Amino acid sequence: MSTSNVVDLDSEEARAVDWENCWKVGRTQWDAGEPSPALVHLLKTQPELVPSSGRALVPGCGAGYDVLLLSSPTLHVTGLDLSTTCIQKCKEKHADTQGNFDFVADDFYKFTFPQGGYDLVYDYTFLCAMHPDMRPQWSARMAEIVKPGGTLVALMFPIVEKKGGPPFAVSPELYHELLDGAFELVYQQDAEGHEDRKGKEKMSVWKRK
């Protein structure tokens, strides 16, 4: 998602954000036109924390920049989004890029994931885009799709006090509440990300128990 101009709706509206329409009309202020700087920094400074082989998923993949960044000959990455227009734009944008990745339009909570689960899932402003009522479903689904010993990389944003959304406010304590039952936190630092987000986001890495 964006550096500053994120979709900001009140809580009732956010229960049914029409992400498909946002993509159709170009209301995609969250698209910064590049991979997440915080993820780039993590891969450069702590590469041992991020699996480099197997299968990976980027839910709510947006324009797909992080999908391409993570993919390698040994790591297949799927970019997933609920919006069919988003996925079509990803396919068009990256049509000339050769790599070990694909883009799929489907529901994160219902799609058929690979047998055995994922070695890596990267959540970047995906949890905060959902109404807080859905958070227990998010944590249960993460525990389901990340294989034992696999890794969940979660960029916590926005760590602020605010009402409504999306993005809805989150906190390190919230992530512990949601993930401690199935994951162990192995890394957490202030994110080296977008300049206007300093102090508002943390990068975290969780290992599936």
Side-chain angles (χ1 to χ4, degrees), residues 1-3 6-11 13-17 19 22 28-32 35-39 42 50 56-67 70 77-83 86 106-111 113 117-118 120-146 150-191 193-194 197 199-208:
M1 276 187 159
S2 75
T3 56
V6 285
V7 177
D8 194 6
L9 307 173
D10 66 46
S11 294
E13 287 180 293
R15 292 174 186 272
V17 174
W19 299 108
C22 286
T28 55
Q29 304 95 322
W30 54 81
D31 183 0
S36 161
L39 179 60
L42 179 69
V50 184
L57 176 73
V58 180
C61 66
Y65 303 111
D66 296 324
V67 173
L70 289 168
V77 186
T78 294
L80 182 77
D81 204 280
L82 188 63
S83 166
C86 168
D106 211 333
D107 186 336
F108 171 73
Y109 296 99
K110 298 178 181 178
F111 82 105
F113 58 92
Y118 289 101
L120 170 66
V121 173
Y122 178 48
D123 182 310
Y124 176 36
T125 64
F126 184 61
L127 174 62
C128 72
M130 286 175 261
H131 192 274
D133 288 351
M134 299 181 68
R135 288 170 175 173
Q137 294 171 259
W138 174 89
S139 61
R141 186 61 163 166
M142 287 298 183
E144 181 182 19
I145 68 174
V146 179
T151 299
L152 168 62
V153 176
L155 186 58
M156 305 173 178
F157 173 84
I159 303 174
V160 294
E161 291 187 11
K162 67 186 290 286
K163 293 183 179 180
F168 294 94
V170 298
S171 68
E173 292 75 19
L174 171 66
Y175 279 83
H176 276 289
E177 178 184 332
L178 294 172
L179 295 175
D180 279 352
F183 292 85
E184 177 186 0
L185 178 66
V186 296
Y187 175 87
Q188 180 179 294
Q189 294 289 337
D190 289 342
H194 297 292
R197 289 187 178 182
K200 300 178 182 178
E201 57 182 357
K202 292 181 182 290
M203 179 61 82
S204 65
V205 180
W206 304 76
K207 187 70 69 174
R208 181 70 169 90

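Please read all numbers here as calculations on a predicted model, not as lab measurements.
No side-chain heavy atom of Leu82 sits less than 4.5 Å from a side-chain heavy atom of Phe111. Contact check for Met130 versus Tyr109: side-chain heavy atoms found under the 4.5 Å cut-off. Contact of the Tyr124 side chain with the Val58 side chain is not registered, since no non-hydrogen atoms from C-beta on lie closer than 4.5 Å. Looking at Gln188 and Met156, their side chains come closer than 4.5 Å, going by heavy atoms from C-beta outward.
For Arg141, the side chain to side chain donor-acceptor pair (under 3.5 Å) criterion is met by Glu144, not counting sequence neighbours. For Thr78, the side chain to side chain donor-acceptor pair (under 3.5 Å) criterion is met by Asp102, not counting sequence neighbours. In this structure, the ring pair (Phe, Tyr, Trp, His ring centres under 6.0 Å) partners of Phe108, at least two apart in sequence or on a different chain, are Phe126. With sequence neighbours excluded, no residue satisfies side chain to side chain donor-acceptor pair (under 3.5 Å) with Tyr118. Taking the side chain to side chain contact (heavy atoms under 4.5 Å, CB included) definition, one finds that Val146 meets it with Val121, Phe183, Arg208, sequence neighbours left out. Shown here are the side chain to side chain contact (heavy atoms under 4.5 Å, CB included) partners of Gln189, two or more places apart in sequence or in another chain: Tyr187. Every residue two or more places apart in sequence or in another chain that forms a side chain to side chain contact (heavy atoms under 4.5 Å, CB included) with Ala38 is listed here: Ser36, Leu155, Ala191, Met203. Taking Lys207 as the reference, Thr151 meet the side chain to side chain donor-acceptor pair (under 3.5 Å) condition, with sequence neighbours excluded.
Identified under the salt bridge (charged side-chain N to carboxylate O under 4.0 Å, His left out) test for residues 171-190, with sequence neighbours left out: Asp190-Lys202.
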